[in-house]
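The structure appears right after this line, and notes come after that.
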Number of protein chains: 2
Amino acid sequence: MEKTAVLDALAALAQPTRLDVVRLLMQAGPDTGMAAGDIAHALDARANTLSANLSILLNAGLVRKERIGRSIRYYPEIETMRGLLGFLLEDCCGGNPALCRPLLDTLTDDCPPQKRDRRDDHQH
Amino acid sequence: MEKTAVLDALAALAQPTRLDVVRLLMQAGPDTGMAAGDIAHALDARANTLSANLSILLNAGLVRKERIGRSIRYYPEIETMRGLLGFLLEDCCGGNPALCRPLLDTLTDDCPPQKRDRRDDHQH
DNA sequence: TCCATATTTCAGGAAATATGGAATTGTTTT
DNA sequence: AAAACAATTCCATATTTCCTGAAATATGGA
């Protein structure tokens, strides 16, 4: 991931409403998403303000949108999030490999292994 | 990690010089760090501008400082970085567990396992 | 076509942020 | 004590961000 893309993503996430938006969309799921109006209602934000914030998230590649009927649905972009996390990890990994593994291990502990079938690994 | 702390950390990282600073300090290592002047020289930044940026990183808990002789040395705060990554991962993990493991696996692949002794696992 | 709904665009003002010059504080050396 | 060095603080300026009300655009239904 390019440095400028990382900076865009960080700036996009560094605002309360926008951080809430991506969390909300992540919870909704990458294939479900939410309509702009529902997001506004859930976060108690004005339509035009939220629209501006969604546009910033869109520009940063953290969400994508799709028109459905008269509403516009927003979905989280998992790949961009992954790219961002990867970049931040590289800061430790690349520079000081000894730091990388324990950090990842700790992170992984917070997220217990799911019982997953092997066959749905190629989901993306 | 608190949401406000996360927002502070994200805002602190969302600026080119500051992002460079933490990467530089991570490379130097958490016990080595760098003097403010050396950072300024390495990043080709003016002393006062860099000082302001270091102060923002300090406030966000991403670095710590220590006076050594007439220079002031800055060190990366690994724990805060870990906290930030953990929070961002929770966005997927907590809301949609199915997304968590593959994402972590991919991240982990970018950072091949180190040959480490088991006995130094309790380093923190 | 007319109307209601959903969302975005536009124009603005207030607040926050970024940067640079000059002055200041703290530390070491002579 | 004075000078040199390292870093910060102070102050002014330029830029950017954030939010709002009003208007515009797009879609679906009567």
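Everything quoted here is computed from the prediction, not taken from an experiment. When reading the values below, keep in mind they use all heavy atoms of this one structure, side chains included, and skip hydrogens, waters and symmetry mates. In what follows, chains are A, B, ... by sequence order, proteins preceding strands, each numbered from 1.
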Exercise. How is the hydrophobic cluster of I68(B) composed, in terms of its other members, when Ile, Leu, Val, Met, Phe, Trp and Tyr link through side-chain heavy atoms under 4.5 Å apart, directly or indirectly?
Worked result: Y75(B)
Exercise. Dot-bracket, DNA chain D: Watson-Crick or G-U, under 3.5 angstrom, [ ] crossing, | other strand?
Worked result: ||||||||||||||||||||||||||||||
Problem set entry | Whole angstrom value for the distance that separates C1' of dT17(D) from CG of N59(A) | 14 Å
For this session: Identify whether any heavy atom of A40(A) sits under 4.0 Å from a base atom; if not, whether one sits that close to sugar-phosphate; answer base, sugar-phosphate or nothing.
Result: nothing
Problem set entry | Sequence neighbours excluded, every pair satisfying salt bridge (charged side-chain N to carboxylate O under 4.0 Å, His left out) that has a member inside residues 46-60 of chain A | none
Exercise. At their closest point, which heavy atom of M26(A) faces which heavy atom of I78(A), and how far apart are they?
Worked result: SD-CD1, 3.7 Å
Problem set entry | Of all pairs that satisfy side-chain hydrogen bond (donor to acceptor under 3.5 Å, both in side chains), the ones with a partner from residues 2-23 of chain A, not counting sequence neighbours | K3(A)-D20(B), R18(A)-N53(A), D20(A)-K3(B), R23(A)-D91(B)
Exercise. By a strict heavy-atom criterion of less than 4.0 Å, which residues belonging to residues 45-54 of chain A are in contact with DNA chain D?
Worked result: R46(A), N48(A), T49(A), N53(A)
Seminar exercise, completed: Quick note, salt bridge (charged side-chain N to carboxylate O under 4.0 Å, His left out) partners involving residues 65-75 of chain A, not counting sequence neighbours, are none
Problem set entry | A14(B): side-chain contact (heavy atoms from CB on, under 4.5 Å) partners, not counting sequence neighbours | L10(A), A11(A)
Exercise. To the nearest 0.5 Å, how far apart are CG in L7(B) and CG in L13(A)?
Worked result: 9.0 Å
Exercise. Under the side-chain contact (heavy atoms from CB on, under 4.5 Å) test, which residues partner D38(A), sequence neighbours left out?
Worked result: M34(A), A35(A)
Exercise. Going 5' to 3' on DNA chain C, which nucleotide is the first and which the last to come under 4.0 Å of a heavy atom in chain B?
Worked result: dA18(C) to dT29(C)
Exercise. Going through the distances and angles, do L25(A) and I39(A) end up as a side chain to side chain contact (heavy atoms under 4.5 Å, CB included)?
Worked result: CA-CA 9 Å; L25(A) 292 181; I39(A) 300 173; 3.9 Å; yes
Seminar exercise, completed: In numerical order, the residues of residues 64-76 of chain B whose heavy atoms come under 4.0 Å of DNA chain D are R70(B), S71(B), I72(B), Y74(B)
For this session: Nearest 0.5 Å please: distance from the CD atom of E79(A) over to the CZ atom of R64(A).
Result: 12.0 Å
Exercise. Between A60(A) and A12(A), what is the shortest heavy-atom contact and its length?
Worked result: CB-CB, 3.7 Å
For this session: Please identify each residue that fulfils side-chain contact (heavy atoms from CB on, under 4.5 Å) with A36(A), with sequence neighbours left out.
Result: L54(A), Y74(A)
For this session: Kindly state which residues belonging to residues 3-22 of chain A come within less than 4.0 angstrom of DNA chain D, counting heavy atoms of the residue only, listed by number.
Result: Q15(A), R18(A)
Problem set entry | Nearest atoms (heavy-atom pairs only) where A45(A) meets L50(A) | CB-CB, 4.4 Å
Exercise. Could you state the interatomic distance from CD (E90(B)) to CG (L85(B)), rounded to the nearest 0.5 Å?
Worked result: 11.5 Å
Problem set entry | Minimum heavy-atom distance between V63(B) and E77(B), given as atom pair plus value | C-CG, 3.7 Å
